[in-house]
Amino acid sequence: MRPRVAIVGGGVTAGLAASVLSQTNDVIVFRPTDTSASPIPEIVPRRAFFEGAFLGPKEEKRIIRAAASPVCWVAWRNGTKGQKHKATTNSQYFIYDKGRLAKILLDAAPVHYQVEEDIPSIGALTGYPAVLDCRGAKAVAADKAYQTARKGVALTCCTYVIAERPPSLDPETMEFWAETTASGHRRTFYVVPVGGSMVSLGCSSAPSDAFDHAALLEAAARSGLSINESSIRMSGNATPHPTIVHNSLSHVSPLGDARGLPCPLTEYGTLKALSQIAEISGGKRFPTETLRRPISREVDPHIPMELFA
């Protein structure tokens with residue numbers, strides 16, 4: 001009789017865990033009712049990903065095609081210099097839409113069965129010798145089974161709005177630009193298409209250089225992007241702190257962002273989750289150099305700097 005393993009989550013980490021562990025375990029997946037994911041394409045070293053996930057050439061081709069992001073160009077302006085590159089998978093990097101990749105991995109995994117059910121408290125899930133918690137940092141922070149501790153100060157903050165996309169913006173292109181203030185602070189702006197008709201506009205800066213949404217719209221207008229306040233559907237601020245997570249449930253293993261968050265993003269999060277899955281499966285962790293992201297002087301973690309090397 002094969003071991004029973006419960007996987008909780010609906011993102012890429014849950015999909016990878018289901019794909020890998022279902023080969024030797026009876027896996028039951030608890031997928032949340034809300035599986036929305038960031039529209040910003042993710043980039044990861046191609047060979048490390050597919051070999052670490054034990055996905056063969058046929059599966060690799062199928063996944064690359066099915067997980068391709070609708071945002072397929074990226075433009076980067078640094079002062080008076082500008083570059084534009086195709087944001088699609090190449091021989092070095094796998095570039096994907098997080099929601100699409102999660103769905104194809106979970107749909108294709110040969111699991112025992114799947115349930116669509118929200119699990120707000122991981123301790124309430126009983127009857128499984130092993131539970132892999134892939135719900136992400138926000139769900140774990142709200143779960144009393146965990147203790148989340150900050151392990152350093154925040155180095156970035158982000159101000160953003162979600163608004164109707166102006167007709168002048170290409171729905172297949174995400175754009176980034178940077179500026180340095182008179183006081184020497186570095187700011188990185190981004191505009192990313194969301195769905196068919198919306199756009200996410202934001203700015204990452206040092207916490208000491210945080211500013212409000214009106215200032216964000218003014219800065220965008222100076223750069224040639226005009227967004228009316230009446231078109232804004234949502235706005236927010238985020239100041240991510242590096243965290244580490246602990247729990248007292250010996251049979252529960254948090255994976256990916258559920259285990260803690262770095263700040264800034266010094267590692268490929270998807271490869272780090274794969275490394276954790278490999279260790280749980282009895283394999284070896286990935287080498288540190290495999291996990292490490294390229295060093296960037298920009299404060300925004302979303303820029304795929306690998307494409308601009």
Side-chain angles (χ1 to χ4, degrees), residues 1-38 42 49-50 52-55 59 63 66-67 96 98-149 243-261 268-286:
M1 187 175 179
R2 303 203 313 172
R4 296 178 77 230
V5 176
I7 295 174
V8 184
V12 171
T13 298
L16 288 169
S19 179
V20 173
L21 294 173
S22 58
Q23 307 301 323
T24 54
N25 300 271
D26 285 337
V27 170
I28 297 88
V29 178
F30 293 85
R31 296 169 77 163
T33 54
D34 180 9
T35 56
S36 57
S38 167
E42 192 84 2
F49 176 85
F50 285 103
F54 302 104
L55 294 166
E59 294 166 308
I63 288 172
Y96 59 89
K98 289 185 279 289
R100 292 181 178 184
L101 178 60
K103 185 179 187 305
I104 191 172
L105 288 170
L106 286 166
D107 287 350
V111 300
H112 193 54
Y113 63 87
Q114 300 195 35
V115 182
E116 187 177 287
E117 181 181 346
D118 293 318
I119 307 292
S121 175
I122 204 69
L125 193 60
T126 59
Y128 299 95
V131 176
L132 305 184
D133 193 347
C134 310
R135 294 176 298 165
K138 187 176 180 180
V140 163
D143 192 330
K144 293 181 180 179
Y146 290 95
Q147 300 81 48
T148 301
T243 60
I244 188 167
V245 173
H246 303 279
N247 77 73
S248 56
L249 303 173
S250 59
H251 68 295
V252 174
S253 299
L255 297 178
D257 289 349
R259 191 175 288 192
L261 292 172
Y268 289 105
T270 300
L271 293 188
K272 187 173 182 178
L274 258 180
S275 179
Q276 294 165 355
I277 293 166
E279 191 175 14
I280 286 174
S281 305
K284 295 181 179 180
R285 295 182 184 179
F286 289 10

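Please read all numbers here as calculations on a predicted model, not as lab measurements.
The two residues Ala145 and Ile122 come nearest to each other via the heavy atoms CB-CG2, 3.8 Å. Taking each heavy atom of Ala102 and Val12 in turn, the nearest pair found is CB-N, 3.6 Å. Across all their heavy atoms, Thr13 and Cys134 have their closest contact at CG2-SG, 3.8 Å. When all heavy atoms are compared, the tightest approach of Gly99 to Ala37 is N-CB, 3.8 Å. Taking each heavy atom of Gly256 and Ala273 in turn, the nearest pair found is CA-CB, 4.1 Å. Of all non-hydrogen atoms in Ile104 and Ala66, the two that sit nearest each other are CD1-CB, 3.2 Å.
Atom CG of Asp133 and atom CD1 of Ile7 lie 11.0 Å apart (nearest 0.5 Å). With rounding to the nearest 0.5 angstrom, the CD1 atom of Ile28 is 5.0 Å from the OH atom of Tyr128. For the atom pair OG1 of Thr148 and NZ of Lys138, the computed distance is 14.0 Å after rounding to the nearest 0.5 Å. Atom CG of Leu16 is separated from atom CG of Leu101 by 6.5 Å, given to the nearest 0.5 angstrom. Distance check, rounded to the nearest 0.5 Å: CD1 of Ile277 to OG of Ser253 gives 11.0 Å. To the nearest 0.5 Å, atom OG1 of residue Thr243 and atom OH of residue Tyr146 are 12.5 Å apart.
Put simply, the side chain of Arg135 never gets that close to the backbone of Pro32: no donor and acceptor are under 3.5 Å apart. Side-chain atoms of Arg31 do not come within 3.5 Å of backbone N or O of Ala14 as any donor-acceptor pair. Here the side chain of Arg2 pairs a donor or acceptor atom with the backbone of Ser22 at under 3.5 angstrom. No side-chain donor-acceptor contact under 3.5 Å links Arg100 to the backbone of Ala67. The closest donor-acceptor contact from the side chain of Gln114 to the backbone of Leu106 lies under 3.5 Å. Asn247 places a side-chain N or O within donor-acceptor distance of the main-chain N or O of Leu249, the cut-off being under 3.5 Å. Under the 3.5 Å distance criterion, the side-chain polar atoms of Glu279 are left unmatched by any main-chain donor or acceptor of Ser275. Using modelled atom types, no side-chain atom of Asp118 and backbone atom of Pro120 make a donor-acceptor pair closer than 3.5 Å.
Side-chain contact between Tyr96 and Thr270 is present, with at least one heavy-atom pair separated by less than 4.5 Å. Looking at heavy atoms from C-beta onward, Arg4 lies in side-chain contact with Pro129 at the 4.5 angstrom threshold. Contact of the Ile63 side chain with the Leu105 side chain is registered, since non-hydrogen atoms from C-beta on lie closer than 4.5 Å.
Annotation: Phe54, atom CZ; neighbour count of heavy atoms from other residues, nucleotides and ligands within 6.0 Å does not exceed 12. Atom NZ of Lys98 sits in a crowded spot, with more than 12 heavy atoms from other residues, nucleotides or ligands closer than 6.0 Å.
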Begin with the C-alpha distance, continue with both residues' side-chain angles, and end with the deciding distance and a verdict on side chain to side chain contact (heavy atoms under 4.5 Å, CB included) for Val131 and Val8. CA-CA 7 Å; Val131 176; Val8 184; 4.1 Å; yes
